[in-house]
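Down below is the structure, laid out as structure tokens.
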Amino acid sequence: MQKRILTGDRPTGPLHLGHYVGSLQNRVKLQDEYDTYVLIADVQALTDNFEHPEMLAGNVLQVALDYLAVGLNPEKVKFVVQSMVPELAELTIYFMNLVTVATLERNPTVKEEIKQRNFVKGVPVGFWSYPISQAADITIFKAELVPVGEDQLPMIEQAREIVRRFNRLYGKVLIEPRPMLGAMARLPGTDGGAKMSKSLGNCIYLGDPPEAVRKRVMSMFTDPTRIHPTDPGHVEGNPVFTYHEVFNPNREEVEELKERYRKGTVGDVEVKQRLYDALNAFLTPIRERRAEYQNRSKQVYEIIAEGTRKGRALAQATMGEVREAMKIAYKFA
Ligand code: TRP
């Protein structure tokens, strides 16, 4: 039997290059080798968007379009809508007994997100405890491997702890998952910030039209210490070169640009122009496939429905084992 992958995204908007580098690329690469489930995590998206539930439905489709556009094969990969698998909520409740308040409070990613979110009425319990629900996401599908960006490592660690406790207490039912990081741990935003983030407006989306890509690239942050194109510049930590490394397949060109940049014989404009060309070559087939699927959204919804059906069947099977192990599989029912 094939080993399984589970990973997912919150449907709060279309996906961007950061998602691609962090996780999508690995999913595409591994889809033939692993039985792959991808969760469109609308329940998790609600934990900080509960006041705007209307934004989710449209973005479920947008995220599915991105999956298909980058080359996830719907014959192999199951796209699963989280809210349509209520067994996830059930497992989350049981897992809550296995996690302490102190552990949740230490989760560095959640801490960081709470700082950014500015919850006016205090931190909702749903948001604060979403790592528990994410552990249910991963384990209900018995995934061994979770392709994710670096910021998700604390979630995988939390899931591993829960699995160890569960299996020790109730018997070995669940699988301890391993994270798998992308080609780059973290793609910086176009503003040079730590990561691409919708709210910071520093993203290049997979479906962006060429003009939008050009505008973002031409306004990218570069080496802040360099004033004239004839000054020797820094390549390390310069997001334009980081992107070249990841998205420009012409290694010779990248090496030459780096060398000239260090010597002060190439300007930012040319380096960006070449990056735009490379990015556009990368994004064009993705954009085209995305548009094709967008015209056939009925078919995309069928793909999502089918994936969700398969995902739910698997989740129900795991829950049967979980209830059995927890001695709540009552026979009088
Ligand atoms: N927390 C992930 C993110 O913000 C999304 C997610 C939800 C996820 N459930 C998951 C990722 C399970 C991996 C596995 O991107």
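All ligand and atom numbering here is 1-based and tracks the order in the structure. Computed from a prediction, not measured in an experiment: that's the story for all the values here.
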Checklist outcome for this item: T222 meets the side chain to side chain donor-acceptor pair (under 3.5 Å) criterion, sequence neighbours left out, with D268
Could you give the N/O to N/O pairs under 3.5 Å linking ligand 1 and the protein, each with its distance?
unit_1, atom_1, unit_2, atom_2, d
ligand 1, 1 (N), Q44, OE1, 2.7
ligand 1, 1 (N), Q134, OE1, 2.9
ligand 1, 1 (N), Q152, OE1, 2.9
ligand 1, 4 (O), R10, NE, 3.2
ligand 1, 9 (N), D137, OD2, 2.8

Next on the checklist: Would R296 pass as a cation-pi partner of Y293, given that its NZ or CZ must be under 6.0 Å from the six-membered ring centre and within 45 degrees of the axis?
Outcome noted: yes
Checklist entry - Which ILVMFWY residues can you reach from I227 by hopping between side chains whose heavy atoms are under 4.5 Å apart? => result none
Checklist entry - With ring centroids as reference points, do Y301 and F79 lie under 6.0 angstrom apart? => result no
Checklist entry - Going by heavy atoms in the side chains, are E256 and E259 under 4.5 Å from each other? => result no
Next on the checklist: Using a 4.5 Å cut-off between side-chain heavy atoms of Ile, Leu, Val, Met, Phe, Trp and Tyr, which other residues end up in the same hydrophobic cluster as Y34?
Outcome noted: I5, L30, L145, M180
